[in-house]
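Taking it in order: structure first as structure tokens, then the write-up.
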Amino acid sequence: MADWGPLLTLTFLTTLLISGIRLAIPIFLAALGEIITERGGVLNLGLEGIMLAGALAGFMTAYAAEQSATPWLVGLAPWLGLGAGLIAGLLMGLIMAVLAVSLQTDQVVTSIMLVILGQGITTYVYRQQFSSLTARVTGMKPVPIPVLADLPLVGPVLFNHDLVTYGSLLLLAASLFFLYRTTWGLNIRAVGEHPAAAETSGVNVVAVRYGAVLLGAALTGLGGAVLTVAQLGIFNEGITAGRGWIAVALVIFARWRPERAFAGALLFGIATALQFRIQALNLEAIPYELLLMLPYVLTLLVLLQGGGRSVAPAALGRAYVKE
Amino acid sequence: MRNKRAWFLLTVMMVAALLLSACPAATPAPGGAPAAGEETSAATEAAPEAPAADAGGVQIPDIEEGKFNVAFVYVGPIGDGGWTYAHNQGRLYLEEQLGDQVHTAYLESVPEGADAVRVIRSLARKGFNAIFTTSFGYMDPTEEVAAEFPDIYFVHISGFKKNDTNFANLFGAMEDMKYLAGMIAGARAKADGSNRVGYIAPFPIAEVIRLGNALALGMRRTCPECEMDIRWIFTWFDPDKEREAAISLLDAGATVVVTGADTPGPVQAAGERGLYGIGYDSDNACEVDPEHCLTVPYWHWGPAYAQLVQQMMDGTFVPDDYYFDADTGIVGLLGFMEGQEPMPAVPEEVIPEVRELLAQMLAGEFDRFDIFTGPIYDNKGNLVVPEGQQLTQSDLEGIDAELGAMLGREGCTICMNWLAEGFVPDAEIPQN
């Protein structure tokens with residue numbers, strides 16, 4: 001008989017939620033970036049490649065900073081790494097923007113090319129740069145928020161993370177404000193819904209789409225850098241392991257809303273963390289293989305549940321030709 | 001209407017992408033960098049001719065006239081820091097030992113299945129004298145191509161098939177080193193007062209179960225009250241999954257985490273908490289955290305490669321089930337081999353015992369069958385190996401009567417489908 005009691009213990013829930021949040025952050029950042037891009041009417045399926053580029057650029061920069069003899073540079077290493085990941089994302093986004101927005105190439109084909117480019121270029125560059133197979137960076141340590149971190153359950157779960165996690169929550173709030181409370185956000189949404197009408201109103205559709213693609217790709221690159229610089233401290237070829245695709249799926253589940261994307265990423269993260277912890281509980285009724293499928297099955301279910309009622313930006317995936 | 005159809009197609013694509021990313025790879029995902037001095041014999045440096053048509057667009061390396069040409073087929077990249085890296089080090093050792101007599105080349109990240117058949121066949125057509133295929137999933141493709149090219153030698157790593165003319169299989173008794181690693185893990189957990197060790201198990205196959213059982217028996221030798229927790233991860237290579245599995249073991253009270261997968265991530269995760277890890281596959285796995293890494297049972301394929309290739313060149317090679325024990329040098333234990341010092345976190349009291357037993361293993365006085373000598377109980381308390389009885393090779397490899405009959409070998413009577421005493425009583429082997 002399965003004993004479900006241990007699932008409800010404070011320690012179990014605490015460690016599960018801490019891991020779930022950690023695993024959610026890179027996926028959330030990529031999904032948030034894609035929401036902004038798609039809100040602007042550009043479909044970028046290349047998140048996996050962009051995340052990889054950000055992951056490697058971030059890792060290499062942080063590694064170089066840590067290897068330097070300059071103390072202040074060593075201290076800034078993780079932040080320099082995250083910045084480099086963001087810039088790598090921007091550069092990948094620039095490729096996408098030039099091809100899909102300026103040259104009006106097919107957005108699906110172009111973005112799939114970005115995946116292949118990201119995989120190939122990161123493999124090549126990493127092999128050229130590192131002869132040591134175990135190159136690593138220090139990563140980021142948790143920063144407990146005084147008093148709040150000592151609260152039972154909510155303290156360690158919400159107030160004992162690294163600065164990137166706190167920053168991601170701030171980004172969530174900022175993105176909601178940006179998309180729904182600023183002229184720029186309004187312009188992005190207008191261009192994604194009805195570019196011709198936006199153009200008539202004096203909005204530069206090409207410029208706005210460039211901005212949306214670049215901002216989205218930068219956030220995706222940042223997500224990749226968070227994975228290698230802040231969390232794992234290592235880089236391996238293909239280290240993103242499908243997270244970019246999960247992020248694209250989450251955008252649909254989230255119905256192009258940042259707060260729903262965060263909830264979806266959190267769900268995926270918790271399910272991933274749960275698959276190993278639940279093995280310890282001797283729940284014979286549940287086959288191990290099912291547990292390992294859990295994050296993907298859950299994401300699929302919410303995708304299918306949410307996707308049916310989704311209303312995509314009307315001009316998504318369509319090149320804009322000025323009349 | 002068009003928009004609705006487009007979204008339906010996109011949803012289908014996403015579902016497919018999710019399903020693909022959910023499928024755990026049975027082979028290492030790419031990772032890492034080439035070792036120094038790789039340029040000369042890497043397949044990528046081969047002649048710039050058009051890719052062989054039947055090799056799936058893979059550039060097939062050239063042979064060198066007047067030399068004995070040996071090709072290696074790798075499942076991962078040479079820089080994975082684990083399984084493939086160790087094989088590539090073996091290839092370099094082979095070149096070093098046999099010098100100008102041999103020329104070696106390799107192809108990395110070759111998918112198992114139909115692609116492997118095309119690649120192996122292309123290497124044979126190119127004129128290589130011997131081809132080593134280094135992953136379990138290459139077994140049937142190697143057998144198929146070996147039948148087509150009776151004048152070329154084929155050696156498959158980690159499988160159990162062979163023929164009478166030109167096809168052998170090769171593996172090593174890693175259980176010897178895992179047993180010693182278990183002794184170290186047990187001593188460390190005892191010293192920490194946790195009496196709990198964690199094991200990260202990639203797949204529920206005989207090899208992984210055998211190594212886990214050796215680990216548990218070794219642990220019980222130095223810490224009879226210790227228990228070993230287990231997490232099945234269904235992948236050989238996924239840094240984040242390995243790390244997350246390690247964290248869940250540490251959260252459950254383990255103070256030592258032993259990995260059966262290919263990255264040093266679990267060692268790193270343990271070190272971050274001031275706890276301890278044991279790596280696998282490659283002798284550089286402790287570099288991620290020397291302070292908290294206890295040891296690494298690692299592969300040293302070079303001597304076996306050199307021995308077999310020398311026999312091929314001499315015309316004395318006999319296709320067989322080659323399963324080399326520690327006395328051949330095919331396996332090692334970091335910190336305890338000649339010229340090495342134990343890692344700083346290894347408890348002092350266990351060092352002499354490990355050294356003594358390792359010396360017996362290297363002298364051929366203690367082998368894998370001695371590890372699995374009864375009485376051995378499973379983790380449910382059932383006697384599986386009676387007093388004085390030893391497991392057979394078929395038992396260790398989980399070759400049942402039906403498969404044994406096909407291979408012309410005796411089938412197992414105590415097949416490797418149980419977890420040894422020492423594993424937590426709740427632990428189960430997932431049923432495929």
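Between Leu249(B) and Phe276(A), the closest side-chain pair of non-hydrogen atoms is not below 4.5 Å.
When each of Thr15(A), Ile18(A), Thr14(A) is tested with Asp251(B) by the rule side-chain contact (heavy atoms from CB on, under 4.5 Å), just one qualifies, namely Thr15(A).
Both the backbone and the side chain of Ala245(B) come within less than 4.5 Å of a heavy atom in chain A. Only the backbone of Gln231(A) comes within contact range of chain B, with heavy atoms under 4.5 Å apart. There is no contact between Leu16(A) and chain B, counting heavy-atom distances below 4.5 Å.
Taking CG of Asp240(B) as the reference point, atom OG1 of Thr240(A) lies at 10.5 Å (rounded to 0.5 Å). Here the CD1-OG1 distance, from Ile239(A) to Thr263(B), works out to 8.5 Å after rounding to the nearest 0.5 Å.
Side chain of Glu244(B) to backbone of Ser19(A): no donor-acceptor contact under 3.5 angstrom is found.
The local environment of CD1 in Ile121(A) is sparse, with at most 12 non-hydrogen atoms from other residues, nucleotides or ligands closer than 6.0 Å.
Every residue two or more places apart in sequence or in another chain that forms a salt bridge (Lys or Arg N to Asp or Glu O under 4.0 Å) with Asp229(B) is listed here: Arg196(B), Arg231(B).
Ile234(A) approaches Gln268(B) most closely through the heavy-atom pair CG2-OE1, 3.5 Å.
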